[in-house]
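Computation of the quantities below employed the complete heavy-atom set of this structure, encompassing side-chain atoms and omitting hydrogens, waters and symmetry-equivalent molecules. Chain A is the first sequence line, chain B the second, and so forth, proteins listed ahead of strands; every chain is numbered from 1.
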Amino acid sequence: MLKIINGQVYDPKNGINGVSKDLYIDGGRFVQPVQEAGETIDAGGCIIMPGGVDIHSHIAGAKVNSARIMCPEDHYDHFRAAADCTRSGVGHTIPTTFLTGYEYAGLGYTTVFEAAVPPLEARHAHEELEDTPLVDTGIYTLMGNNTMIMKALQEKDAAKRRETLRSLVSWLLASSKGYAIKVVNPGGVESWKWSAGTVDLDTPVQPFGISSRQILTALAETNEDLKLPHALHLHTNHLGDPGNVRTTLETMKTLTGHRVHFTHLQFHSYGITPKGGLKSAAPEIAEFMNAHPEFTCDAGQIVFGPVTTMTADSPMQFHLHETTGNKWGSFDVEMETGSGIVPLRYRPSVLFNASQWCIGLELLLLIKNPWQIVLTTDHPNAGPFTAYPQIIRLLMDADYRNSVIETLHPKVGHYTHLKDLKREYTLEEIAIITRSGPAKALGLSNKGHLGPGADGDLVIYQPHKDKEKMFASPVYVIKDGRIIVRDGIARQSFGGKRLVALPYGLKDLADGSLSQELAQDFADYYSISLRNFAVQYDYLPRMEVISCG
Amino acid sequence: MRHLKRYSALAKGLYTPEGRKDRKVVVIDVRPSPTSKNADIFLQVTPGADFEIVHVLRLLIAGKRLEGLEEESLVGGVAFRQWQELAELMKACRYGVVMFGIGLTQSRGKDLNAEELNSLIIELNAFTRFYAVAMRGHGNVNGSNQVLAWQTGYPLAVNFQRGYPRFNPGEFSVVDMLRRKEADAALIIATDPSAHLPQSAVNYLKSIPTIYLEPHENATTTWANVVIPVAPAGIGAGGTFYRMDNIPLQLKKLVDFAVPSDLEALQGIKEEVLRLKRGEAAC
């Protein structure tokens, strides 16, 4: 039993906006007020919000770990020695698993989703998440370049096709113990594996001649058929290319009416100048988002400094390697996907980077409904998650924002609109874009709010004029009713829950739901046998199944 | 041979329905081997020429003119003409993989040879898809690389002396630590140092307290101070195995052994150490 009294509470889901309210946690969950005595925290003068929820981050699994190995220079200057309750760790943009958990908790985040896991390597991601303490986690399962899905899409009979996809997608989720369908550059990764060019929405992709548009519409439909808690989580074609706004808007039009989450939208909101340079298309994208409440997105905000880009979008990574000359890692995951890694640095003095930085903030300021956009840096692609407090300050403090614009490449104003935007986020809006909004977009009814029944995760901040300071160092972070951080130091360390969506319940679908033909394909073309494919429940000792429907 | 059958030469794929017939296998080695007998092209090279060979291939792929090299000039003991043909073959193939062994990193040039090979692979991707796979010598070496990387940031040669992980192969690797006589004691798991380390390193190990977890009797069990027999992984104990291409596989326990697994033995030691240190920290 834990009582938190006198705090000024921000709980947007329950309509509580800065009101003094006492909170009670028992058995790891918020409960109705009770008289019973227990530990009491006096939060007088402080601000209380639910635990943060990161909807899109790369923290665990094969590509993250390969990046750690590839980039020891990321680690040398960023280390933490072992302490009473915490283990040692290293890494700035790609911290080790334990450090990742401590750093997220230190910022008041208690739930994080790893955004891109190939089913064949899901076991690895789950092993790393077991070593990532203090946060509840889940993984998104990559499906946008899966050969079996593309083969299934060849079926001409629409009803049969729909049925096959339902069973194939649920089997992939159940096998990988995933939470959502993730699509990365649909068709484009497979096309690159054939050394073919980039793909537009209607480019037929070898070997089955299936297009991005077919993959997208079918998976959006399947996502709804299976009543999955989260939307289709989509990284559209042409990430990072000037002029990609055309593709992004066309994709949005195609998927209108469906539940779709457009991830790291900053990278997909690029117009093009007559000379082929980058200019902001954030206003067009924001206008579309404002007219389509069925869509959500996250920002993928650029942070100046070093980053380690990593994505399943292997052609994009190869292009990044060619244009920067920086080192490159690339991986081919059999029938499922590819991935790539390129470390780089965003500089305010580089016009392209400065414009990217403005475009992300423009989206955050121009999309009117905060429930539709989530604060992310696509960690560690656009920046490390540890920069969230700095971004919050940029959103809440227009004077500070304008002072940073002054330090950018002098021509950035010609290609972006940021300096004309006066909006400043309120604390309530910050609470929405960092916890309540992502929890809602994820279909997590026990996260992102402080009402009875919710997970007992909350953060207590000391108000400060400098919002970066305020959000960088919470006074208390409480998870499941346990004090995990006090004055910036982790006070205990324990494993979080693994959040899983199983469309057909707990019954293990590893063998049953694949059609005979696809099971034969698996036997013929995978390098492991079907019965070794599904991640065993041993890898998820603290699993929580989030219900579908 | 199992590798050739299951993965690299004979396996039939969606895009290689004829298996071996759809592939071209090139073996470069200093001596004939069962693998080279299965090759379409075998290039028997002179030892120690790895860097030179890969560098020449890089220049050929980049379309550079190599002055002073005639068709029959020897590079690594093989005619230059054959390297030209190989370079063309690599550029023209639809999909290529180079599997390289530990020998590449042990000949003159050491890690620079692997670096040069990686550069070649990267440059080939301007023409076609090409990958490289490092063939490690022992079972699940990659598993230890992966776990060390996610827990410490580094795949090997990690030093915790300062309370946080530091990395420097050549300084913190086993042989170097033993050569400098820096270790006070040794805990040895899943390897036989007597069979794999230089004699001077083994001699130093013999002079310090050693604890050895090992399923079999071998040269090290004869002198280690404490030998804890453990169940063999993958037979008497389950766990995760990271294949050389990073695919994680679950190994199942098949047979009960009367001895603990590595994990159980280490947990037991850790608990006892914590009991002895009790009072210092409790979380």
> Which pair of heavy atoms, one from B/P165 and one from A/S88, lies closest together, and at what distance?
Replying inline: CD-OG, 3.6 Å

Tell me, side chain or backbone of [X] under 4.5 Å from chain A's heavy atoms, or both, or neither?
{"X": "B/T152", "value": "backbone"}
{"X": "B/R6", "value": "side chain"}
{"X": "B/Y7", "value": "side chain"}

> Any chance the side chains of B/N246 and A/E121 put a donor and an acceptor closer than 3.5 Å?
Replying inline: no

> Taking every heavy-atom pair that is under 4.5 Å apart, which of B/R166, B/Q146, B/K12, B/K252 has the most such pairs with chain A?
Replying inline: B/Q146

>> In terms of relative ring orientation, are B/Y164 and A/F79 parallel, tilted or perpendicular, with 30° and 60° separating the classes?
In response: parallel

> Would you call the rings of A/F533 and A/F522 parallel, tilted or perpendicular if under 30° counts as parallel and over 60° as perpendicular?
Replying inline: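 Aromatic pair A/F533/A/F522 classed perpendicular.
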
> Can a salt bridge be assigned to the pair B/R129 and A/D332 using a cut-off of 4.0 Å between side-chain N and carboxylate O?
Replying inline: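 No, this pair does not count.
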
> chain A contacts: which residues in residues 234-244 of chain B have a non-hydrogen atom closer than 4.5 Å to it?
Replying inline: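 Only B/G239, B/T240, B/Y242, B/R243 of residues 234-244 of chain B have a heavy atom under 4.5 Å from chain A.
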
> Counting a contact as any heavy-atom pair under 4.5 Å apart, which residues of residues 89-99 of chain B contact chain A?
Replying inline: B/R94, B/Y95

>> Going by side-chain hydrogen bond (donor to acceptor under 3.5 Å, both in side chains), name the pairs with one or both residues in residues 320-331 of chain A, residues two or more places apart or in two chains.
In response: A/E73-A/K327

> Considering residues at least two apart in sequence or located in another chain, which fulfil the side chain to side chain contact (heavy atoms under 4.5 Å, CB included) criterion with B/V25?
Replying inline: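 Per chain and number, B/V25 pairs via side chain to side chain contact (heavy atoms under 4.5 Å, CB included) with B/A9, B/R20, B/V27, B/A39, B/D40.
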
